[in-house]
Every structure is written in C-alpha cells, then in structure tokens.
Amino acid sequence: MVVMEKQGKDMQEYFIQNSKEFVGETVTLKGWAYNVRKGGKIWFLLLRDGTGIMQCVVTKFDADEASFDIKTLITQESSVIVTGEVKEEPRSPGGYEMLVHSMDLVSVADEYPISKKEHGTDYLMDNRHLWLRSKRQHAIIRIRHTIVKAIRDYFDDRNFTLVDTPIFQKAATEGTATLFETDYFGEKAFLTQSGQLYGEAGAAAFGKIYCFGPTFRAEKSKTRRHLTEFWMVEPEMAYYDLDMNMDVAEDFVFYIVSQVLEHRKPELETLERDISKLEAIQKPFPRISYTDAVKILNDKGVEFKWGDDFGGGDETIISSQFDSPVMVHRYPSAIKAFYMKRDPENDKQAMALDMLAPEGYGEIIGGSQREDDIEALVGRIKEDGATEEDYSWYLDLRRYGSFPHSGFGLGVERVVAWLCGLQHIRETIPFPRTISRLNP
RNA sequence: UCCGGAGUAGCUCAACGGUAGAGCGGGUGACUGUUAAUCACUAGGUUGGGAGUUCAAAUCUCUCCUCCGGAGCCA
C-alpha cells in the first residue's frame, strides 16, 4: 500500500494547486508572470500556471546569474519556465513558495493591457480573452465547470440518455420570442431557442433523456440577467407528471449546489461569496401555486392581478420569502406556451413550473407537464395562428403512442451567477454574447 | 423600443466658462523578504464626432455615435 502511494505520487504531474505534496522537492513550473516585485539582490515572481499562483523567489545566491538577470527583461504576463525547490513559507501568499535555481524566459510580453489597478467592466470585456487569466474570472469559470460536470453526472447516473438536438431549426418553439434568422441554402432557418420539442421525441424513444447545448434569443434585452447566447440543459421524462417533474428539479438543483460546495470552496472564497446562504439550502424546496404567489405579493402591498406574469421585482419578493429555491406551479395558461398541459381541475391553469433562485437571482428553471391530448394541442396551435402542418412531426408523437411526460430547462449561466453571487450574468461564460457584444 | 446615467493620458478618475491634473501602468535608476512593494526622475492629451453661443468651451446649447443601468421579453 505504501509502495502504491509512492508510485501514485511519482506519476503525479506537478502543478501549483498540489504544491503541498511536493514540499522539499525540486520541480519545474511552466507558466506566466502574474506579477513581479523587484529588489536589488532579491526579486519575487508570482507565477501563474492555470491551477494557481506560486511565489518564486530569485536571489543571487540560489539562482545562476543569467536567471537572476531576467528581472531586467521580464514583464507582466511574460511566459517563463522555472526550476526550483518547493518550500512551506508563511510569508508567501498561498503558504508555499519556490526557491528558484534556474529560469528560462520563453517570451517577453508586450505592455499588458490589464494593470494591477482597477478597470471598468466594458474595458475588461473588450479584453475578455486576457481578463480570463485573473483570479476572479478563473474562480468563476472553474465553478462553471463544476456546475456543468454536476449536471452531466446527475443525469448520466440516473439512466438518462443524452439526445442532442439541432441548433438550426425550421420554426420557433414558443412563437413569441425573437429568434436569430439565418439563410439556410436559400431557406429561412432559426437558431434554436430550446431543444424541448425534439426532447419529447427523445423521451418517446429512450424514456428519460436530456439535451444540453447553447440556446439563442434575439430579444434586445439590456439587463444583468440576459445573454443572447446561453447554455441550457433540458431533461424530458416519459410517464412523469408535474409533481414528479418538480421532484427531479428539486433533487437536481440540490445536487448541483452540494457539488459546488464540496469541490469549490476556495473559489467561492476568492469571490467573497457568502457561503452560509448556499449551505442553508435544504430539501424539500418550497412549492407554491401561482395563486399563492399572487397572495404573497398582495400581502406585501404589491398591486398584482391574477393572470399577469411576474416581473423581475415580483420574483425577487417571492423568492426572498424562502432560504431555498422556490417552485411556483400552475400558472395561468394564457401566459404560458401552447404545449403545456392544462390543469384537469382548472382549465385556466397550465401544469407549468418555474423555479426561482434565492437572493433575487430570478428564474433558473422553467418547465411543465406537456399536453398529450392531440385535440387540445391542435386547438392551441391554431389559436396561435399556426397550422397542423407546421407541427406535423411533433403531433406524430401524440398520434403514435401518446404518453404523459414532463420536463424542464435550466439556464446554466443564471445558476453560475447565483452560486457565485455575481452582479452580472456576463461574467458567467468565457465569451459572453449580449446585444452589444460579439467580440472577442 | 422606452426611461435614466456616462464618454478627459494606455487604465481609473479630477478639473464644471479663464494656460488640462493626479494615481496606477510604461521608461530610467536605487533597494536581500516583497505582499496591488516602496522611493526618485521621466515620457505621455485635437477632452467621443459634428455644429452653435461666447472675447474665451472639457465646462453652456443642439445633434449624432458608443457604452452602462433599468423596463418589456425570457433561462
């Protein structure tokens, strides 16, 4: 067993994140100069390797002369390869440092656009390709990675099959939203706003499926909650009703939160996230009907009529009543999509659910039990001004073995913003696309 | 699309009718334990574009452009 451990470590590649296991050893680091502090006979290089930042100490006694003299050439973000001994050192940020023996300057960086002082967001977004190197952005993107992994693991471990859905689509999923139009060999095609209708075909073939990919909305939204290109995961489950759907949504979101807490505490601390708010989240999540939600608003003195849709401020008031995400179900059918099943007990209500994140982060999930009655579905398609022809393959799913089924979509970036405690959604994705940004 | 705010040095900002300034970053030099290192010296500007008012405009007026925040729409 001791031998196995030794072998395992010998085979382990050194990177800054696991310095603890290499104390006393001489290792080689390849990375970039995050910062340099120069003295006369000693200088400090903060080296970034993608996993963390290591303080490298260069002195005339421990390093050769050529390596020491690199201090006159090196600039912020220059690429360097350093060899030296890893030591525990309380004076060093991170608790470890490297005593440098030799150094190789791979490339001298030009004057770096992102200085050590503060910058405006728009300037940083113009330099997004470089901004990603900073501690804060590094932490966010790593948390995003953990969220995406949790999403895939959750479904993969529960017998869901991945069914990818097309990005080019012939028609809108939900008539109202504005879509990006493209020329598809002389024919109109739209960038997808949802994979759901295809997901329903998948559920009929595989039982439980999910699709996960980018989604596009051409609305000219200018808010901190909107991107024109964002990632959405959409599970669809055969023989699941609305309550079972909410069970999955709750368990799924709880799993994502717990994975982030388990694996990304250092990153959350870098972001100065109030972790107690995330630790307070518990199952079961509160479930309230739309009608109850309207009562909450009215009790708080908000003028709100049954039948209207919630605005951002309304959602914040409702969600702030709870520590955990809240699921609001049975919305007025008039404000929901045609494919949602009507409540058998009240035709004015749709079997829809939205999940609102705490702390004012808004809607992170939208879903429903789907309409499985072909007559009802055809009726609503016609009410929307479309034809049976437009939805012929979708209606086939009701002609050939219709079945109760449900699903939902979760917006990845809104979850990242919520868990990271960010002010703006544009930091949640490496290269955001908004109404005013297509570059970089 | 509507409402509000802002464009001044590479960056973050000040000057708000009378000769355009600071901090950071850059350059040069000093320093053996720095922590957004410090200290000294130094370079750097058609004040977003256009038009107008005035003896005089970064400053006042109009217009256009760009960006930010909010509303609507939504994940």
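Numbered from 1 within each chain, the chains take letters A, B, ... in sequence-line order.
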With the side chain of A:His226 defined as its heavy atoms from C-beta on, choose the nearest nucleotide among B:rA75, B:rG25, B:rG33.
B:rA75
Going by purine N1 to pyrimidine N3 plus the second Watson-Crick contact, or the G-U wobble pair, all under 3.5 Å, which nucleotide sits opposite B:rC41?
B:rG27
On a whole-Å scale, what distance lies between the C1' atoms belonging to B:rC60 and B:rU54?
10 Å
Suppose we call a contact any N or O donor and acceptor under 3.5 Å apart; does that hold for the side chain of A:Ser221 and the base of B:rC73?
yes
Please work out if A:Tyr123 contacts a base, only the sugar-phosphate, or nothing of the nucleic acid, heavy-atom cut-off 4.0 Å.
sugar-phosphate
A:Ile435 CD1 to B:rU66 C1', straight-line distance once rounded to whole Å:
13 Å
With a 4.0 Å cut-off on heavy atoms, is A:Gly362 in touch with a base, just the backbone sugar-phosphate, or nothing at all?
nothing
Answer yes when A:Arg152 and A:Asp156 have at least one side-chain N-carboxylate O distance shorter than 4.0 Å, and no when they do not.
no
Taking B:rG33, B:rG70, B:rA36 as options, the one with an atom nearest any side-chain atom of A:Arg91 is B:rG33
Quick one: is A:His119 getting a side-chain N or O under 4.0 Å of the B:rC24 phosphate, OP1 or OP2?
no
Testing A:Ser79, A:Ser107, A:Ser78 one by one against A:Trp32 for a side chain to side chain contact (heavy atoms under 4.5 Å, CB included), which residue passes?
A:Ser79
Given the C1' atoms of B:rU47 and B:rC2, what is the spacing between them in whole Å?
31 Å
For B:rG48 versus B:rA58, give the span between their C1' atoms, rounded off to a whole number of Å.
12 Å
Nucleotide forming a Watson-Crick or wobble pair with B:rG7, both distances under 3.5 Å
B:rC65
Flag this pair as yes if the NZ/CZ of A:Arg158 is under 6.0 angstrom from the six-membered ring centre of A:Tyr154 and inside a 45 degree cone about the axis; otherwise no.
yes
Phosphate-side-chain proximity, A:Thr121 and B:rC68, N/O vs OP1/OP2 below 4.0 Å
no
Counting side-chain heavy atoms from CB outward, which of B:rA75, B:rU34, B:rC68 is closest to A:Lys222?
B:rC68
So what does A:Glu97 hit on the nucleic acid, given a heavy-atom distance under 4.0 Å: a base, only sugar-phosphate, or nothing?
base
Whether A:Tyr394 and A:Phe338 hold their rings parallel, tilted or perpendicular, with breakpoints at 30° and 60°:
perpendicular
For the C1' atoms, the ones on B:rC11 and on B:rG29, what distance do you get once it is rounded to whole angstrom?
25 Å
For nucleotides B:rU66 and B:rA40, find the distance between their C1' atoms and express it as a whole number of Å.
41 Å
What does A:Ile365 touch in the nucleic acid at a heavy-atom separation under 4.0 angstrom: a base, only the sugar-phosphate, or nothing?
sugar-phosphate
What integer distance in Å separates A:Arg217:CZ from B:rG72:P?
17 Å
Gap between atoms CZ and C1', on A:Arg37 and B:rA30 respectively (whole Å)
19 Å
Among B:rA36, B:rA75, B:rG33, the one nearest any side-chain atom of A:Ile425 is B:rA75
Sticking with atom P, work out how far B:rC13 lies from B:rA9, rounded to a whole angstrom.
11 Å
Same-atom distance (P) from B:rA15 to B:rU53, integer angstrom:
28 Å
Please check this pair: side chain of A:His226 against backbone of A:Lys222, looking for a donor-acceptor N/O pair closer than 3.5 Å.
no
For the side chain of A:Glu219, starting at C-beta, report the closest nucleotide among B:rA75, B:rC73, B:rG69.
B:rC73
Let me know the distance between CD of A:Glu315 and C1' of B:rA71, rounded to the nearest Å.
14 Å
RNA chain B: A:Leu46 or A:Val57, which has the more 5' nearest nucleotide?
A:Val57
With a 3.5 Å limit on both atom pairs, tell me what B:rC16 is paired to, counting Watson-Crick and G-U wobble, or say none.
none
Identify whether any heavy atom of A:Leu410 sits under 4.0 Å from a base atom; if not, whether one sits that close to sugar-phosphate; answer base, sugar-phosphate or nothing.
nothing
Look at the side chain of A:Arg414 against the base of B:rC74 and say whether a donor-acceptor pair falls under 3.5 Å; ignore hydrogens and angles.
yes
Protein-nucleotide distance (A:Met125, atom CE; B:rC11, atom P), rounded to Å:
17 Å
Thinking salt bridges, do A:Glu413 and A:Arg433 make one under a 4.0 Å N-O criterion?
no
Atom CG of A:Asn127 to atom C1' of B:rU12: distance rounded to whole Å?
14 Å
Of the options B:rC73, B:rU34, B:rU1, whose atoms approach the side-chain atoms of A:Lys220 most closely?
B:rU1
In whole angstrom, give me the gap between the C1' atoms of B:rU59 and B:rC3.
26 Å
A:Phe206 atom CZ, neighbour heavy-atom count above 12 within 6.0 Å:
no
For the pair made of OH in A:Tyr112 and P in B:rU12, what is the distance, rounded to whole Å?
15 Å
Expressed as a whole number of angstroms, how long is the span from A:Arg224:CZ to B:rG72:P?
14 Å
Counting only Watson-Crick pairs (N1-N3 plus N6-O4 or O6-N4) and G-U wobbles (N1-O2, O6-N3), all under 3.5 Å, who is the partner of B:rA71?
B:rU1
Nearest to the side chain of A:Ile42, heavy atoms from C-beta on, is which of B:rC24, B:rA75, B:rG33?
B:rG33
Let's see if you can work this out: which of B:rC74, B:rA75, B:rC31 has an atom nearest to the side-chain heavy atoms of A:Met232?
B:rA75
Are OP1 or OP2 of B:rC67 and a side-chain N or O of A:Arg426 less than 4.0 angstrom apart?
no
So do the side chains of A:Pro404 and A:Tyr240 get within less than 4.5 Å of each other, counting heavy atoms only?
no
Is it the case that the base of B:rG27 and the side chain of A:Glu111 share a donor-acceptor contact (distance under 3.5 Å, atom types as modelled)?
no
Looking across every strand, which nucleic acid part, if any, lies under 4.0 Å from A:Gln55 by heavy atom: base, sugar-phosphate, or nothing?
base
For A:Lys60, answer base if it contacts any base atom (sugar-phosphate contacts may also be present), sugar-phosphate if it contacts only those atoms, and nothing otherwise; contact means non-hydrogen atoms under 4.0 Å.
nothing
Ranking A:Lys336 and A:Gln423 by the position along RNA chain B of their nearest nucleotide, the one closer to 5' is A:Gln423
I'd like to know if the side chain of A:Glu234 reaches the main chain of A:Gly195, judged simply by a donor and an acceptor atom lying under 3.5 Å from each other, with no hydrogens or angles considered.
yes
